[in-house]
Amino acid sequence: MEFEFNFGEQQLTPQQPQDKTLYASVDGIAQQLDQDELVFMDYKTGHNHVMTVQVLQALGLTQQFRPLHEHIARIANAIPELKNQQQAIQKVLQFLIDKQLIVRAEDWLSQLKQTDGSSTQAPYAGMVVRTCDRPEQLSRLLDSLSGYQKQHNSRHPVLVFDDSRKADNRSANEKLCQKAAVQVTYHGESWQQQFISMLHKEWPNQSEQIDWLLQKRSGFTGGRVWNLALLALAGKRFSFFDDDYLMEARVTDKANLNEINLSDEMPLSVQFGLNVRNIKQKSSPYDQDLLQEMVTACGQSFGQWLANHPDIKPSSLYGLRLMDLNRIAAHSSIKTTGNGTWGSPRAAGNYWLYLLNKEQREDFWQDRETYLDNIEASQLLHYADHYQVLSQANFAPSVIDNAEFLPFTMPTGTNEDYFFGGLTEACYPDNVSLQFPVMMGHIQTESRERSQQNHIARRPGINSFVADYVTSVAHQFFGQDAQQRFNSTRSAIVDLIHNPDQMLLNRLREYLSRTRAQLIHQLQNVLAEVDDPPIYWQADVKELIEANGAAVKSDEVPYLSGWPDDLDQSASVALLRKELQSIIDAMDVWPQLWDFCRAQ
C-alpha cells in the first residue's frame with residue numbers, strides 16, 4: 001500500500017516557525033478495494049494510488065489552498081482516530097506532496113506562465129455599436145470616441161448596427177455616421193435585409209430559423225443585431241458597446257492595477273453618487289489606452305498575457321480549491337474581455353444591491369433620501385477591485401474573439417448576454433473572460449424604475465433559464481471541438497423538450513423555487529450579520545424575503561418573465577416547449593451560417 005497512517009511513537013518537539021506556503025490536493029476519483037483500502041486516480045495524470053480510507057479522508061480535507069499546519073489541524077479535528085497525531089499526519093501529507101497528490105500554490109502558479117509564444121490573433125475589425133432609436137446617445141458616443149482616439153493616438157473603425165424602430169431615427173443615425181469625426185460604417189435596415197436575403201438564398205429551406213435569429217420583431221431585440229455582428233465579422237475580433245457608453249476610462253483609488261484574482265466568484269465592487277459629477281469625483285482618469293489593452297488581450301492565451309505583464313501578480317490562493325482553479329491553464333484562450341462602468345449600472349434589476357458587503361452597504365443606506373436614489377441604481381461606480389479571470393463575462397463583453405466558432409445569443413429579451421456567456425462557456429470550457437479593473441462611462445438618459453422589483457418574487461426569463469440549464473449539463477460533455485460541444489448542448493435541450501409534461505412542469509417549478517430560495521438564503525444571511533440596520537432598508541429586505549417566500553410556498557402555475565401571467569399548466573408547458581424548439585431549430589442552422597460567413 002502506498003499511503004497509510006503509521007502512528008508509532010509521538011514525541012513532543014519544540015514548535016517551529018509556521019511555514020505559510022500554501023498547499024491543496026488534486027482532483028480525482030476513488031474506487032473501493034476492500035473495507036479499508038481504495039484506489040485513487042489523479043484526474044490530470046491518470047495515475048492510480050492505493051491508500052487507506054483515512055488517507056482519502058485527509059486528502060479530501062486538503063482541497064483548499066492552506067498552509068500545511070492548518071491542514072494538519074483540520075485533519076486532526078475532523079478525524080477522531082487522528083486526534084493528537086499531528087506528526088503522523090504531517091508524515092503522510094509529505095508523502096502525498098512527494099507524489100504530487102498535494103501541490104504547492106507556487107508550483108501551480110508557475111505553470112500558468114508557461115507559454116511557447118506561438119499563438120496568433122485574428123484581425124481586429126473595429127468597434128461594433130448597437131443603437132436603437134437614440135440618435136443623441138449615438139452622437140455622444142461617437143464624439144467621445146473621437147476624443148479618446150486623439151488622446152491615445154489610436155484607431156478603432158466603428159460599425160454601427162441599427163435596431164431602431166422609427167424611420168426618422170434610422171435616418172438621423174445614418175447621417176450621424178456619415179458626418180462623424182471617426183471612421184464609421186452604417187449597417188442599417190437596407191444592409192441588414194440584403195445580408196439576410198443572402199442567407200435565405202443559400203438556405204431557402206431554413207428561412208424561418210434565419211429570420212428568428214436576425215429579423216426585427218416586437219420587444220427588445222438587441223440580441224438579433226449581436227447575431228448579425230457575429231456573422232458579419234466571423235473569423236475576426238471586435239469590440240462591442242451599446243450607444244449609451246462614453247469612451248472615457250476612469251479608475252478608483254480602491255482598484256489594484258497590479259493584482260489579478262483567479263477566483264470565479266468575486267463580486268464587483270460598487271460606490272454610489274448623487275450625480276455624474278459626484279461619481280467622477282470618486283474616480284480619476286485612466287491615462288492608458290484601456291480599449292486597446294482589452295483588444296490586445298482578447299485572443300491571447302492567458303499564459304501569454306500573464307507573461308507579458310510581469311507587474312501583475314496573482315492574489316493569494318488561500319481558501320480556493322485547486323479543482324476549481326484548474327478551469328484556468330496557460331493555454332486558456334482569453335475569449336472575451338470586459339470593463340467596469342461609471343454612471344449607470346448594466347444590471348436590469350436591483351436585487352444585488354441588498355447583498356453588498358458591510359462597507360458598500362453602509363454607503364448604500366447612509367440616509368433615507370440617498371437610499372431612495374440608490375435603490376434605483378441610477379448613479380454609481382461598478383467595477384472589479386483587480387483583474388479577474390472569469391468563466392464568462394459579468395455582462396456583455398467589451399471585446400469578443402470571434403476567430404473561431406461562437407454560438408448565437410437570444411435575439412429577443414434581456415439577459416441575452418448571460419445566454420451568450422452560458423453557451424460560449426459550454427463550447428469553450430477552458431477559455432476565460434478577462435475583466436479589467438477600469439471603468440468606461442455608461443450613461444442612461446431614460447429613467448428605469450428598478451426598485452419596483454422589490455415588491456415581487458424573482459422571476460427569470462427564458463434566456464436565464466436556458467443559460468442556467470446549459471451550465472448545469474455542460475460538465476457532461478467531454479469533446480474538445482467547439483461545434484461538437486455546441487451540438488451536444490443542442491441535444492441536451494432536445495432531451496429537455498421531450499420530458500413528459502409533468503416532469504417539464506416540475507423542472508420549471510424547481511428552477512423558480514431554487515432561484516428564489518437562493519435569494520432568500522442570501523438575504524437572511526445579510527440580515528443576520530447586520531446590527532441595527534436602518535428601518536427603511538430592513539423593511540425592503542423583509543419585503544423581498546416575504547415576496548419570494550410566498551412564491552416558493554405557492555402552488556401557482558410556474559411561468560417565466562415575459563410570459564402571460566394567466567397561463568394554466570398545459571399552456572405553460574406548451575409555451576416552454578415552443579421557446580425551446582425555436583432555440584434548437586436555430587442551433588441546427590447556426591454553425592452552417594457562421595462557417596459560410598467566415599469563408600466570405
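Excluded from the calculations below are hydrogen atoms, water molecules and symmetry mates; all remaining heavy atoms, backbone and side chain alike, are included.
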- Taking every heavy atom of T337 against every heavy atom of I334, the minimum-distance pair comes out as CG2-CG2, 3.8 Å

- Closest approach of A492 to F477 (non-hydrogen atoms, all atoms of both residues): CB-CZ, 4.2 Å

- Query: Heavy-atom distance under 4.5 Å between the side chains of D363 and L356, does that happen here?
  - Reply: no

- D585 vs Q581, side-chain hydrogen bond (donor to acceptor under 3.5 Å, both in side chains): CA-CA, chis, key distance, verdict: CA-CA 6 Å; D585 288 346; Q581 188 65 53; 2.9 Å; yes

- Task: Please answer whether the main-chain N or O of G461 pairs with a side-chain N or O of S464 as donor and acceptor at a distance below 3.5 Å.
- Result: no

- Query: Short question: side chain of S332, backbone of D430 - any donor-acceptor pair under 3.5 Å?
  - Reply: yes

- Item | R250 and V438: CA distance, side-chain angles, deciding distance, side chain to side chain contact (heavy atoms under 4.5 Å, CB included) verdict | CA-CA 6 Å; R250 304 188 69 83; V438 186; over 6 Å; no

- Polar side chain donor-acceptor pair, D163 to T221, under 3.5 angstrom: yes

- Task: Specify whether F241 and Y245 have parallel, tilted or perpendicular ring planes, treating 30° as the upper limit for parallel and 60° as the lower limit for perpendicular.
- Result: perpendicular

- Query: Are D595 and Q483 close enough that a side-chain donor and a side-chain acceptor fall under 3.5 Å?
  - Reply: yes

- Write down the atom of I497, the atom of R577, and the distance for their closest heavy-atom approach. O-NE, 2.8 Å

- So, for H382 and L380, which heavy atoms are closest and what is the spacing to 0.1 Å? CB-CD1, 3.7 Å

- Message: Apply side-chain hydrogen bond (donor to acceptor under 3.5 Å, both in side chains) to residues S110 and E106 and explain how you reach the verdict.
- Response: CA-CA 6 Å; S110 66; E106 291 86 348; over 6 Å; no

- Do the non-hydrogen side-chain atoms of R237 and Q121 ever get within less than 4.5 Å of each other? yes

- Message: D401: which residues meet the salt bridge (charged side-chain N to carboxylate O under 4.0 Å, His left out) condition with it, sequence neighbours left out?
- Response: none

- Neighbour count above 12 (heavy atom, 6.0 Å) for Q476 CD: yes

- Exam field: side chain K254 to backbone V251, donor-acceptor pair closer than 3.5 Å: no

- Item | Steps toward side chain to side chain contact (heavy atoms under 4.5 Å, CB included) verdict (F238, I400) | CA-CA 6 Å; F238 61 90; I400 298 173; 3.9 Å; yes

- Message: Using a 6.0 Å distance limit plus a 45 degree cone around the ring axis, check whether R66 lies over the aromatic ring of Y318.
- Response: yes

- Message: Test your reading of the model: is there a side-chain donor-acceptor pair from T341 to the backbone of M440, 3.5 Å cut-off?
- Response: no

- Query: Side chains of H309 and Y387: do they bring a donor and an acceptor to under 3.5 Å?
  - Reply: no

- Under the side-chain hydrogen bond (donor to acceptor under 3.5 Å, both in side chains) criterion, do N326 and Y43 qualify, and how do the steps go? CA-CA 11 Å; N326 279 335; Y43 270 143; over 6 Å; no

- Can you find a heavy atom in the side chain of I462 that is under 4.5 Å from one in the side chain of M410? yes

- Item | Q111 atom CD, neighbour heavy-atom count above 12 within 6.0 Å | yes

- Message: Tell me whether R485 contacts the main-chain N or O of G479 through its side chain, where contact means a donor paired with an acceptor under 3.5 Å.
- Response: yes

- Query: Hey, does Q209 have a side-chain heavy atom less than 4.5 Å from the side chain of D588?
  - Reply: no

- Task: Show your working on side chain to side chain contact (heavy atoms under 4.5 Å, CB included) between V389 and F302 and close with a plain yes or no.
- Result: CA-CA 9 Å; V389 189; F302 180 65; 3.6 Å; yes

- Going through the distances and angles, do Y511 and D468 end up as a side-chain hydrogen bond (donor to acceptor under 3.5 Å, both in side chains)? CA-CA 9 Å; Y511 174 70; D468 286 331; 2.7 Å; yes

- Query: Under 6.0 Å from the CD atom of Q484, do we count more than 12 heavy atoms belonging to anything else shown?
  - Reply: yes

- Query: Going by atom types only, do Y23 and Q64 share a side-chain donor-acceptor pair under 3.5 Å?
  - Reply: no

- Query: Below 4.5 Å, heavy atoms only, C-beta onward: do L159 and M127 meet side chain to side chain?
  - Reply: no

- Is it true that a side-chain atom of N463 and a backbone atom of Y418 form a donor plus acceptor pair closer than 3.5 Å? no

- Measure the CG-CD1 distance between N548 and I456 for me, rounded to the nearest 0.5 Å. 9.0 Å

- Message: Using salt bridge (charged side-chain N to carboxylate O under 4.0 Å, His left out), reason through R598 and E404 one step at a time and then give a plain yes or no.
- Response: CA-CA 9 Å; R598 181 174 60 173; E404 302 296 334; 3.3 Å; yes

- Minimum-distance pair of heavy atoms, taken over all atoms of L233 and A125: CD2-CB, 3.8 Å

- Kindly assign one of parallel, tilted or perpendicular to the pair W108 and F65, based on the angle between their ring planes and the thresholds 30° and 60°. tilted

- Task: Evaluate whether atom CE of M503 has more than 12 neighbouring non-hydrogen atoms of other residues, nucleotides or ligands under 6.0 angstrom away.
- Result: no

- Query: So, T296 versus Q292: side-chain donor-acceptor pair below 3.5 Å or not?
  - Reply: yes

- Does K282 NZ have over 12 foreign heavy atoms under 6.0 Å away? yes

- H442 and D244: side chain donor to acceptor below 3.5 Å: yes

- Message: Check the orientation of F465 and Y469. Use parallel for under 30°, tilted for 30 to 60°, and perpendicular for over 60°.
- Response: parallel

- Go through the steps for L268 and Y383 under the test side chain to side chain contact (heavy atoms under 4.5 Å, CB included), then give the verdict. CA-CA 5 Å; L268 296 177; Y383 60 95; 6.0 Å; no

- Test log, rule salt bridge (charged side-chain N to carboxylate O under 4.0 Å, His left out), inputs E529 and R361: CA-CA 12 Å; E529 71 181 29; R361 191 163 55 233; 3.3 Å; yes

- Item | Under 3.5 Å side-chain donor-acceptor pair for N339 and S398 | yes

- Task: Kindly indicate whether the side chain of L317, heavy atoms from C-beta on, has any atom under 4.5 Å from the side chain of L325.
- Result: yes

- Just wondering, do W590 and L231 contact through their side chains at under 4.5 Å, heavy atoms? yes

- Query: Closest heavy-atom contact between P397 and T336?
  - Reply: CB-CB, 3.6 Å

- For F420, which residues count as a ring-ring contact (aromatic ring centres under 6.0 Å, His included) partner, sequence neighbours excluded? W226

- Would you say R130's side chain and D242's backbone share a donor-acceptor pair under 3.5 angstrom? no

- Tell me, please, whether Y559 has R459 positioned over its six-membered ring: NZ or CZ under 6.0 Å from the ring centre and within 45 degrees of its axis? yes

- Message: salt bridge (charged side-chain N to carboxylate O under 4.0 Å, His left out), that's the test. Do E70 and R74 meet it? Break it down for me.
- Response: CA-CA 6 Å; E70 287 192 21; R74 294 185 74 200; over 6 Å; no

- Message: With side-chain contact (heavy atoms from CB on, under 4.5 Å) as the test, pick out the partner of Y354 among L523, L519, L527.
- Response: L523

- Task: Side-chain contact test, heavy atoms from C-beta onward, threshold under 4.5 Å: evaluate it for W212 versus P411 and give yes or no.
- Result: yes

